[in-house]
K.L.:
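Below is one structure. I have some questions about it.
Atoms within each ligand, like the ligands themselves, are counted from 1 in listed order. By convention here, the first residue in the shown sequence is residue 1.
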Amino acid sequence: MPAMTAVVASGFDFSQFLEAGRRKVEEALDGSLGPERPESLREAMRYSLLAGGKRLRPILCLASCELAGGDAALALPTATALEMIHTMSLIHDDLPAMDDDDLRRGRPTNHKVYGEATAILAGDALLTRAFEMVALRSPGVPPERLLKVVGELSLAAGAPGLVGGQIVDLASEGVEVDLDTLEYIHLHKTGALLQASVLTGALIGGADDDLIEALRTYSRAIGLAFQIIDDILDVTASSEVLGKTAGKDLTADKTTYPKLLGLEESKARAEALVSEACEVLNPWAEKAQPLLALARYITSRDR
Ligand code: GRG
């Protein structure tokens with residue numbers, strides 16, 4: 001069990017919150033697929049989507065919707081969409097043309113089981129289903145809010161986000177990379193979708209401009225912190241615990257925070273970012289307990 005059992009001083013039980021969130025998300029994900037044809041496509045989509053994972057992005061989305069005063073149930077289709085985009089990015093990232101990995105979420109990667117062509121198409125189908133979830137399967141949310149959600153998801157998934165970050169990441173293998181470039185990679189490859197997770201929830205919940213601005217700062221900081229910790233875990237944790245191949249950054253000759261700054265300084269950076277993220281939510285202190293605890297979880301997690 002990862003380090004997630006802390007009960008925050010106010011009586012907020014983070015462990016319970018996380019478990020309840022995960023259950024809700026798992027159920028929604030399970031009901032989100034179908035009726036894809038042929039069956040092999042649906043199987044490949046389900047294989048990766050329902051393979052577990054921390055479900056951090058959908059949980060951030062639901063928590064942020066509630067902080068904005070919205071009903072989290074209305075954000076569930078978008079939360080599902082975020083996990084679909086994330087899963088697609090993992091399937092594509094594992095392909096031989098990218099990170100070329102054979103272990104993900106504790107099981108063989110999608111292309112190892114279904115072949116490269118089906119894995120690419122299963123990722124494509126998840127990406128497009130994500131937008132379907134928002135546009136066609138989000139009853140009760142005003143269309144103007146959904147339009148903004150579609151905008152945020154497009155920016156996060158495309159060239160201004162994941163794709164842009166991934167391209168620079170791939171181009172940086174075996175090359176000396178400075179801290180600015182590394183931050184660019186982390187903020188785009190990983191941070192963009194975490195930021196979209198927080199912002200889309202807030203938009204659905206009807207957040208005002210002040211809260212959106214604060215959440216923009218919060219999510220940028222936790223997004224960067226998340227990837228710094230990912231870099232650290234790649235060095236310090238085992239493949240068994242991570243559910244993916246440990247030590248991959250070294251093998252692929254990637255520049256990481258530990259490589260540039262060392263383990264201690266990298267951890268300190270991540271912790272400083274989390275403090276910054278929490279501080280900006282001060283005006284919403286009590287209602288923001290879930291987001292504050294999620295930020296702290298990012299630096300205390302062990303997988
Ligand atoms: C095709 C539109 C399109 C985009 C794909 C392949 C790609 C572009 C981007 C790669 C993005 C990527 C895989 C970034 C790494 C992000 C990361 C830290 C993943 C691990 O997230 P966790 O720890 O994993 O939340 P779980 O399994 O817990 O969900």
K.L.:
Would you say the side chain of Lys189 lies within less than 4.5 Å of the side chain of Val168, judging by non-hydrogen atoms?
P.N.:
no

K.L.:
What atoms of ligand 1 come closer than 4.0 angstrom to any heavy atom of Phe226?
P.N.:
18 (C), 21 (O), 22 (P), 23 (O), 25 (O)

K.L.:
Can you tell me which residue and heavy atom of the protein come closest to atom 12 (C) of ligand 1, and the distance to 0.1 Å?
P.N.:
Lys189 CG, 3.9 Å

K.L.:
Using a 4.0 Å cutoff against the non-hydrogen atoms of Gln227, which atoms of ligand 1 qualify?
P.N.:
18 (C)

K.L.:
Any side-chain donor paired with an acceptor under 3.5 Å for Thr256 and Asp249?
P.N.:
no

K.L.:
Does the pair Lys248/Asp100 count as a salt bridge with the N-to-O cut at 4.0 Å?
P.N.:
no

K.L.:
Of the backbone atoms (N, CA, C, O) and the side-chain heavy atoms from C-beta on, which set of Asp93 has a member under 4.0 Å from an atom of ligand 1: side chain, backbone, both, or neither?
P.N.:
both

K.L.:
May I ask you to identify the nearest protein heavy atom to atom 5 (C) of ligand 1, giving residue, atom name and distance to one decimal place in Å?
P.N.:
Met88 SD, 3.8 Å

K.L.:
Which residue from Gln166, Lys244, His188 reaches closest to atom 7 (C) of ligand 1 through any of its heavy atoms?
P.N.:
Gln166

K.L.:
Give me the nearest non-hydrogen protein atom to atom 15 (C) of ligand 1 as residue plus atom name, then the distance to 0.1 Å.
P.N.:
Thr190 OG1, 3.8 Å

K.L.:
Go through ligand 1 atom by atom and flag the ones less than 4.0 Å from a non-hydrogen atom of His92.
P.N.:
1 (C), 6 (C)

K.L.:
In a check of salt bridge (Lys or Arg N to Asp or Glu O under 4.0 Å) between Glu83 and each of Arg55, Arg57, Arg22, which one passes?
P.N.:
Arg55

K.L.:
Going by heavy atoms in the side chains, are Ser32 and Arg129 under 4.5 Å from each other?
P.N.:
no

K.L.:
Report the nearest protein non-hydrogen atom to atom 24 (O) of ligand 1: residue, atom name, distance rounded to 0.1 Å.
P.N.:
His86 NE2, 3.6 Å

K.L.:
Does ligand 1 have a heavy atom under 4.0 Å from the side chain of Arg303, from its backbone, from both, or from neither?
P.N.:
neither

K.L.:
Suppose we measure from atom 25 (O) of ligand 1 to each protein heavy atom; which comes out shortest, and what is that distance?
P.N.:
Arg57 NH1, 2.8 Å

K.L.:
Mind checking whether Arg55 contacts ligand 1 via backbone (N, CA, C, O), side chain (CB onward), both or neither, at a 4.0 Å heavy-atom cut-off?
P.N.:
neither

K.L.:
I need the nearest protein heavy-atom contact for atom 27 (O) of ligand 1: residue, atom name and distance, please.
P.N.:
Arg105 NE, 2.9 Å

K.L.:
Taking atom types as modelled and ignoring hydrogens, do the side chains of Asp169 and Ser172 form a donor-acceptor contact shorter than 3.5 angstrom?
P.N.:
no

K.L.:
For atom 6 (C) of ligand 1, what's the nearest protein heavy-atom neighbour? Residue, atom name and distance, please.
P.N.:
Ser89 O, 3.6 Å

K.L.:
Does ligand 1 have an atom that lies less than 4.0 angstrom from a heavy atom of Leu56?
P.N.:
no

K.L.:
Does any non-hydrogen side-chain atom of Met84 lie less than 4.5 Å from one of Thr80?
P.N.:
yes

K.L.:
Quick check on Leu179: does its CG atom have over 12 non-hydrogen neighbours (other residues, nucleotides or ligands) under 6.0 Å away?
P.N.:
yes

K.L.:
For ligand 1, which atoms sit closer than 4.0 Å to a heavy atom of Asp230?
P.N.:
18 (C)

K.L.:
Under 4.0 Å from a heavy atom of Val163: give me the atoms of ligand 1 that qualify, with their elements.
P.N.:
2 (C), 3 (C), 4 (C)

K.L.:
Nearest 0.5 Å please: distance from the NZ atom of Lys244 over to the CG atom of Asp93.
P.N.:
8.5 Å

K.L.:
Does a side chain donor of either Asp101 or Thr245 reach within less than 3.5 Å of an acceptor in the other side chain?
P.N.:
yes

K.L.:
At what distance is the nearest protein heavy atom to atom 22 (P) of ligand 1, and which residue and atom is it?
P.N.:
Lys54 NZ, 3.5 Å

K.L.:
Testing Asp231, Asp230, Asp234, Asp99 one by one against Lys254 for a salt bridge (Lys or Arg N to Asp or Glu O under 4.0 Å), which residue passes?
P.N.:
Asp99

